Amino acid sequence: MAGTTRPRVLVAGMQYELNSFVAGTAGLERFRQFRLAEGEDVWSIARGEEVAGARDVAQACGIDLVPAILGFGGAGPILEDGVYEFFRDRILAALEAESGRIDGIYLPLHGAMATVGTPDAEGDLIGRIRARVGPRLPIVASFDMHANFTAAMARGLDAAVGFKTCPHVDYIETGRHAMEILAGAVTGRTRPCLVHRKIRMMTPPEGHDTTTGPMREVVARLRAIETLPGILAATVIAPQAWMDVPELGWSVIVVADGASALDLASAEADRLGLFCWSQRERYLVQRTALDEALAIAAANPPGNPPVVMTDAADAPSAGSYGDSAVVLAALLARPPMRGPVLMTMTDPEAARACAAAGAGGRLRIRVGGAFQPRFFAPVDVEVRVRAVLRESYESCLPPGRIDPGLRAVVEIGGFILMVIAERQMATLDLRPFESSGLDPRAAQAVLVKSAGQFRGFYTAIAARILELDTPGPVDGVLTRLPFRNLTRPLWPFDAGLETPW
Ligand SMILES: [Zn+2]
């Protein structure tokens with residue numbers, strides 16, 4: 001400890017999820033659009049997040065937190081050079097200012113940030129922090145389940161913990177867990193050491209649902225490992241699948257208390273890694289052909305709950321823009337349904353044209369492929385504008401306020417109700433529809449653009465869930481995408497692999 005006073009812990013986080021296949025680049029404005037704060041302002045943007053859980057534990061343990069910076073930029077295309085450096089320079093400056101006065105560092109990270117010049121931004125940051133503070137100061141980080149945990153991160157950290165839920169609902173618990181480990185380390189009660197195993201496999205996130213299937217078993221094993229004496233944490237990281245970066249692959253992380261528990265931690269990490277590997281085929285999902293799905297939706301009788309269809313390949317929560325009109329085109333190519341069929345579309349030009357026409361206006365617009373014409377062809381449609389909205393809305397998932405810009409609710413073909421927004425909205429909860437005056441529960445069918453996280457809210461209202469086989473930058477059939485930078489061999493890209501490491 002730096003003195004006889006209360007321990008002090010620096011807190012700094014940057015959270016972003018790269019999708020290499022999404023068109024364009026993103027800058028710091030993305031973080032300003034979502035959440036970005038420095039110093040004490042960090043607390044005001046950290047409600048419901050890891051930092052909030054960490055703060056509870058720190059207060060209970062008599063630890064003073066020194067917030068440096070926290071930024072959340074959602075998921076999207078590769079970041080411009082300078083974005084990571086913005087965070088890095090502020091964090092290193094805060095370290096400099098607190099030199100000799102801090103007892104530990106907590107980094108609430110997502111673990112999937114990359115810029116054009118720095119494919120492993122968090123690994124680079126952790127390495128620089130470690131070089132600055134030396135080998136003894138404890139550094140603990142928390143990660144999203146969809147991070148890509150790298151050797152550089154493992155080298156620089158004393159401990160790492162990740163989410164155990166997908167859909168993610170354990171932000172607070174994960175922050176608490178990280179700070180509990182750090183509190184033990186800064187008070188000298190424990191000596192965390194991290195064991196990392198990289199598994200040469202990648203899976204689409206539809207299979208990461210922890211409420212069912214193999215991931216549920218994985219989490220049960222994690223909890224069992226965490227009850228073992230000398231083990232402080234166990235985590236499985238299943239990266240988001242669309243990062244075209246070296247070292248992509250699943251990770252097992254087990255944190256031991258002291259060198260005496262390292263053998264146990266290593267043995268458990270090996271066992272867990274082999275289990276994940278043995279289950280790999282089970283993470284693949286069965287997709288439904290679009291025509292077949294629409295026929296099922298059309299047959300959904302009045303009064304029945306909606307058929308929920310997922311166009312995961314265009315999921316904004318995984319970085320896409322939500323500008324696919326693939327399902328819209330297929331709907332218009334077949335006989336009209338009873339309806340309503342609800343869907344969302346990101347298209348700034350169309351949203352503005354509809355807003356200019358105003359409620360009740362009729363016009364012809366072109367939607368689809370506004371951002372990613374490489375993946376999505378546009379569709380010309382006659383619309384009747386039902387409503388125009390300019391307000392942001394309160395979102396349940398991700399938690400917090402979402403500002404989609406201008407929104408127009410339009411009717412198409414007498415049975416489609418589409419929310420056209422200037423900026424993308426994740427359809428993980430019902431709020432994008434409800435806040436637009438639409439009731440998903442009363443629809444014949446609802447199209448969501450999510451790769452799995454929507455289940456937390458939509459399973460309860462769905463007569464049936466159909467995962468569509470559609471193209472896009474978030475394609476769950478990974479071998480269809482043009483990866484170039486992966487460290488090979490890697491399942492399922494390479495056949496015939498016999499071991500996970
Ligand atoms: Zn995630």
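Both counts, for ligands and for their atoms, begin at 1 and track the order of listing. Computed over heavy atoms, backbone and side chain alike; hydrogens, waters and symmetry mates excluded. Just so it is clear, the structure is predicted and the values come from calculations on it, not from any experiment.
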- Task: Go through the side-chain N and O atoms of Ser435 and Arg407 and say whether any donor and acceptor fall under 3.5 Å apart.
- Result: yes
- Item | Between Asp257 and Thr190: side-chain donor-acceptor atoms closer than 3.5 Å | no
- Query: Which count of protein N, O or S atoms is obtained for distances strictly below 2.8 Å from the Zn ion (ligand 1)?
  - Reply: 3
- Set of side-chain hydrogen bond (donor to acceptor under 3.5 Å, both in side chains) partners for Arg280, sequence neighbours left out: none
- Item | Row check, Tyr16 ring normal vs Arg30 NZ/CZ: under 6.0 Å, within 45° | no
- Task: Please tell me if the side chains of Glu122 and Phe149 come closer than 4.5 Å, counting only heavy atoms from C-beta onward.
- Result: no
- Backbone N or O of Glu394 within a donor-acceptor pair of the Arg431 side chain at under 3.5 Å? yes
